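Each chain gets a letter, A, B and so on, in the order the sequences are listed, and its residues count up from 1. The structure displayed is predicted, hence computed values, not measured ones.
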2 protein chains.
Amino acid sequence: MNAMEVVRALGALAQEHRLAVYRLLVQAGPDGMAAGALADALGVPASSMSFHLAQLAYAGLVSQRRQSRSIIYTADYQAMNALMAYMTENCCGGVACAPDAPCNPAAAEEGALP
Amino acid sequence: MNAMEVVRALGALAQEHRLAVYRLLVQAGPDGMAAGALADALGVPASSMSFHLAQLAYAGLVSQRRQSRSIIYTADYQAMNALMAYMTENCCGGVACAPDAPCNPAAAEEGALP
DNA sequence: TCGATATTTATCGAATCATTGAGGTGAATG
DNA sequence: CATTCACCTCAATGATTCGATAAATATCGA
């Protein structure tokens, strides 16, 4: 995942409705949810929801599949992992992490920080 | 961390320069970096860098401290953790996660997914 | 206090984004 | 085949954001 893709993904999530949709999908798991169900759950007009889902799809954060008349959206967990990995890459230079760093492993070296 | 704060944080990171700055700070660790050094490292005018740093600070992603003439910025690792926690909260409904889900623990139930 | 360095604030044009309604496509049903 | 349902695309509008320049503020050393 390169910088441009990450910026696109973060930009896609930096919006009230899209963040809410994404969280719903993350919680829904591999079964996903239909576009209509999402619009319903969040009280957003269908056309608006379609717009937001398109943005999330363009950013690679969700994927879609057709199921008879409905289109089912699912969160792309690999993309989410890649996103987090990008942001925490080489955290603290790779050694002796800060206490709450996302890469907590090396906080082991006790006393390294005041 | 509530939805509004998360949106603010994601919005702050959804920009080429700010994402780059944040990564530099994450890698720099608790020592942080001076505003000037950041502007220098990324080839961004100092005033622009100041603007972007202000956005990151407003979003709660970085903190600042004065060191003589320089202002040293450091990544706020707790905020980063909270951000990731928010996005993956109750992932897959809490049970039998998808193979690449960010909350991999429950992928243990082998065969739960095709 | 003066000058130099480091950072912030102010301002403005260009670009991007969110929202909404109207109209269009594809799939099931009678 | 025509209708209905679920969803998407398009275009217009109002709001927000980015990048750059120029001016202002804060700190240090002499």
Side-chain angles (χ1 to χ4, degrees), chain A residues 3-25 28 31-76, chain B residues 3-25 28 31-76:
Chain A
M4 205 187 61
E5 293 169 327
V6 171
V7 166
R8 196 175 292 156
L10 291 170
L13 289 172
Q15 209 278 336
E16 186 190 347
H17 295 322
R18 289 197 291 265
L19 181 60
V21 165
Y22 189 72
R23 263 166 53 101
L24 273 184
L25 290 179
D31 292 343
M33 286 177 76
L38 290 167
D40 233 47
L42 297 175
V44 173
S47 69
S48 293
M49 182 53 68
S50 180
F51 170 77
H52 291 306
L53 287 170
Q55 303 258 314
L56 287 171
Y58 175 65
L61 289 168
V62 304
S63 46
Q64 42 191 316
R65 66 175 195 274
R66 176 150 225 140
Q67 190 173 88
S68 108
R69 274 188 286 204
S70 296
I71 295 187
I72 309 289
Y73 287 87
T74 41
D76 184 322
Chain B
M4 204 188 63
E5 293 169 328
V6 171
V7 166
R8 198 176 290 157
L10 291 169
L13 289 172
Q15 208 279 338
E16 186 189 348
H17 295 322
R18 290 198 290 264
L19 181 59
V21 165
Y22 190 73
R23 264 169 48 104
L24 273 184
L25 289 179
D31 291 343
M33 285 178 75
L38 291 167
D40 232 48
L42 297 176
V44 172
S47 67
S48 293
M49 181 54 67
S50 178
F51 170 77
H52 292 306
L53 287 170
Q55 304 257 317
L56 288 172
Y58 176 64
L61 289 168
V62 304
S63 47
Q64 41 192 316
R65 65 176 195 274
R66 177 146 228 145
Q67 192 172 88
S68 107
R69 271 185 289 202
S70 296
I71 294 189
I72 310 291
Y73 285 86
T74 41
D76 184 322

Quick one: is [N] close enough that its OP1 or OP2 comes under 4.0 Å of any side-chain N or O from [X]?
| X | N | answer |
| --- | --- | --- |
| A/Y58 | C/dC17 | no |
| B/H52 | D/dG19 | yes |
| A/Y73 | D/dA6 | no |
| A/Q55 | C/dA18 | yes |

**Q.** Contact residues, residues 43-50 of chain A to DNA chain C [heavy atom, < 4.0 Å]
**A.** A/P45, A/S47, A/S48
Q | Within residues 3-22 of chain A, residues whose heavy atoms come under 4.0 Å of DNA chain C | A |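 Correct list: A/Q15, A/H17, A/R18.
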Q.
For the CG atom of B/D31 and the CD atom of B/Q67, what is their distance to the nearest 0.5 Å?
A. 9.5 Å
Q. What distance do B/E5 atom CD and B/L10 atom CG have between them, rounded to the nearest 0.5 Å?
A. 12.0 Å
[N] [atom2] sits how many Å from [X] [atom1], rounded?
| X | N | atom1 | atom2 | value |
| --- | --- | --- | --- | --- |
| B/M33 | C/dA6 | CE | C1' | 15 Å |
| A/L42 | C/dT19 | CG | C1' | 16 Å |
| A/I72 | C/dA27 | CD1 | P | 15 Å |

Which nucleotide wins on minimum distance to the side chain of [X], given the candidates [options]?
| X | options | answer |
| --- | --- | --- |
| A/R69 | C/dT7, C/dG26, C/dA6 | C/dG26 |
| A/Q64 | C/dT5, D/dC8, C/dG26 | D/dC8 |
| A/F51 | C/dT7, D/dC8, C/dT19 | C/dT19 |
| B/R66 | D/dA26, D/dC8, D/dC18 | D/dA26 |

Q) For B/R18, does its backbone N or O pair with a side-chain atom of B/Q15 as donor and acceptor, under 3.5 Å? A)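 Side chain of B/Q15 to backbone of B/R18, a donor-acceptor pair under 3.5 Å: yes, one is there.
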(Q) Using a heavy-atom cut-off of 4.0 Å across all strands, would you classify A/A34 as base, sugar-phosphate, or nothing? (A) sugar-phosphate
